[in-house]
Amino acid sequence: MITLTDKAVTAVGRFIAGSETPLAGLRIEVTDGGCSGYQYGLKLEGSHSPEDTVIDCGDVKVFIDPVSLPMLDGMSIDFLDSIEGSGFKFTNPNAAKSCACGTSFNTSTEATGKPCS
C-alpha cells in the first residue's frame, strides 16, 4: 500500500486540474539512476496499463507497474512547500540507503552509486 498525504493529494490534484489534456492519475515508478542506484519517477498519465496496480488516494488515483511495486510498498509521499522550495518527499520503508537529497535510494546497504551533485 502506498499513501499520499493530504498535501500530496492536493498538489497532484492541482497539477491534474491545470492540465490541458484529460488525466486519469499519477504514475509512480522506480528507475535505475540517482546517487543511490534507484530513483523515483512521477508523471501524470491519461490512463493506466492493464498490469498496473491502481491505488485510490481520494481525489487522486496512483498507477504503479509490477516491477516498481515491491520497492514502493509501504511508502508515504508528502508534498513540502517552503521558502527554500517545494516538492514531493518520499518515505520508503524498503530503502536501506538513501541519498541526502532524498530522491534516490537502494534496497541494499551494499550498493554504491554516483555521489550527489
Side-chain angles (χ1 to χ4, degrees):
M1 180 65 149
I2 294 176
T3 305
L4 270 65
T5 65
D6 290 344
K7 288 182 191 176
V9 170
T10 299
V12 173
R14 192 173 56 236
F15 297 136
I16 288 174
S19 173
E20 295 179 5
T21 59
L23 296 170
L26 175 69
R27 175 168 302 284
I28 304 173
E29 63 186 359
V30 174
T31 59
D32 290 337
C35 311
S36 296
Y38 296 118
Q39 60 188 0
Y40 302 108
L42 300 175
K43 59 183 168 183
L44 299 172
E45 297 268 12
S47 63
H48 64 85
S49 300
E51 61 271 5
D52 284 342
T53 295
V54 179
I55 300 170
D56 189 346
C57 295
D59 293 339
V60 172
K61 294 202 181 323
V62 173
F63 310 138
I64 302 172
D65 65 80
V67 174
S68 299
L69 185 61
M71 292 186 273
L72 300 176
D73 191 30
M75 184 170 78
S76 175
I77 301 174
D78 194 8
F79 186 79
L80 304 177
D81 193 13
S82 72
I83 194 165
E84 298 167 345
S86 62
F88 292 96
K89 178 184 177 188
F90 305 93
T91 303
N92 187 348
N94 304 301
K97 180 180 170 186
S98 296
C99 70
C101 59
T103 59
S104 69
F105 70 101
N106 206 300
T107 55
S108 169
T109 56
E110 302 297 320
T112 60
K114 297 180 280 187
C116 292
S117 55

Note to self: Applying side chain to side chain contact (heavy atoms under 4.5 Å, CB included) to Val67 and Val30, what does each step give before you reach the verdict?
What the structure shows: CA-CA 8 Å; Val67 174; Val30 174; over 6 Å; no

Check: Does the side chain of Val12 reach to within under 4.5 Å of the side chain of Phe88, using non-hydrogen atoms?
Finding: yes

Item checked: Gly74 to Pro93 - nearest heavy-atom pair and separation -> O-CD, 3.4 Å

Next item on the list: Show the numbers, then the answer: is there a side chain to side chain contact (heavy atoms under 4.5 Å, CB included) between Thr107 and Asn92?
Entry: CA-CA 10 Å; Thr107 55; Asn92 187 348; over 6 Å; no

Notebook entry, point to check: Should we count CG of Asp73 as having more than 12 external heavy atoms under 6.0 Å?
Noted result: yes

Next item on the list: Indicate the atoms forming the closest heavy-atom contact of Asp65 with Arg27, along with that distance.
Entry: N-NH1, 4.0 Å

Next item on the list: Scan for ring-ring contact (aromatic ring centres under 6.0 Å, His included) pairs involving residues 49-78, sequence neighbours excluded, and state none if there are none.
Entry: His48-Phe63

Item checked: Distance (rounded to the nearest 0.5 Å) between Thr53 OG1 and Met1 CE -> 11.5 Å

Next item on the list: Using the side chain to side chain contact (heavy atoms under 4.5 Å, CB included) rule, take Ile77 and Thr3 through it: C-alpha gap first, then chi angles, then the decisive distance, then the call.
Entry: CA-CA 6 Å; Ile77 301 174; Thr3 305; over 6 Å; no

Margin query: Quick one, Phe90 with Leu72, criterion side chain to side chain contact (heavy atoms under 4.5 Å, CB included). Give me CA distance, side-chain angles, the key distance, then yes/no.
Written below: CA-CA 10 Å; Phe90 305 93; Leu72 300 176; over 6 Å; no

Check: To the nearest 0.5 Å, how far apart are OG1 in Thr21 and CD1 in Ile16?
Finding: 10.5 Å

Checklist line | Interatomic spacing from NZ in Lys61 to CG in Leu4 - rounded to 0.5 Å | finding: 12.5 Å

Note to self: To the closest 0.5 Å, what do you measure between OH (Tyr40) and CE (Met71)?
What the structure shows: 10.0 Å

Margin query: In this structure, would Phe15 and Leu42 fall into the same cluster of hydrophobic residues linked by side-chain contacts under 4.5 Å?
Written below: yes

Next item on the list: State the CD1-CE distance between Ile64 and Met75, to the nearest 0.5 angstrom.
Entry: 6.5 Å

Next item on the list: Nearest 0.5 Å please: distance from the CD1 atom of Ile55 over to the CD1 atom of Ile2.
Entry: 4.5 Å

With a cut-off of 3.5 Å and sequence neighbours excluded, list every side-chain donor-acceptor pair involving residues 78-85.
| residue | atom | partner | partner atom | Å |
| --- | --- | --- | --- | --- |
| Asp78 | OD1 | Thr5 | OG1 | 2.6 |
| Ser82 | OG | Glu84 | N | 3.2 |
| Ser82 | OG | Gly85 | O | 3.3 |

Notebook entry, point to check: Can you name the closest pair of heavy atoms from Ile28 and Ser68 and give their distance?
Noted result: O-CB, 4.5 Å

Item checked: Backbone of Tyr38 reached by a side-chain donor or acceptor of Asp32 within 3.5 Å -> no

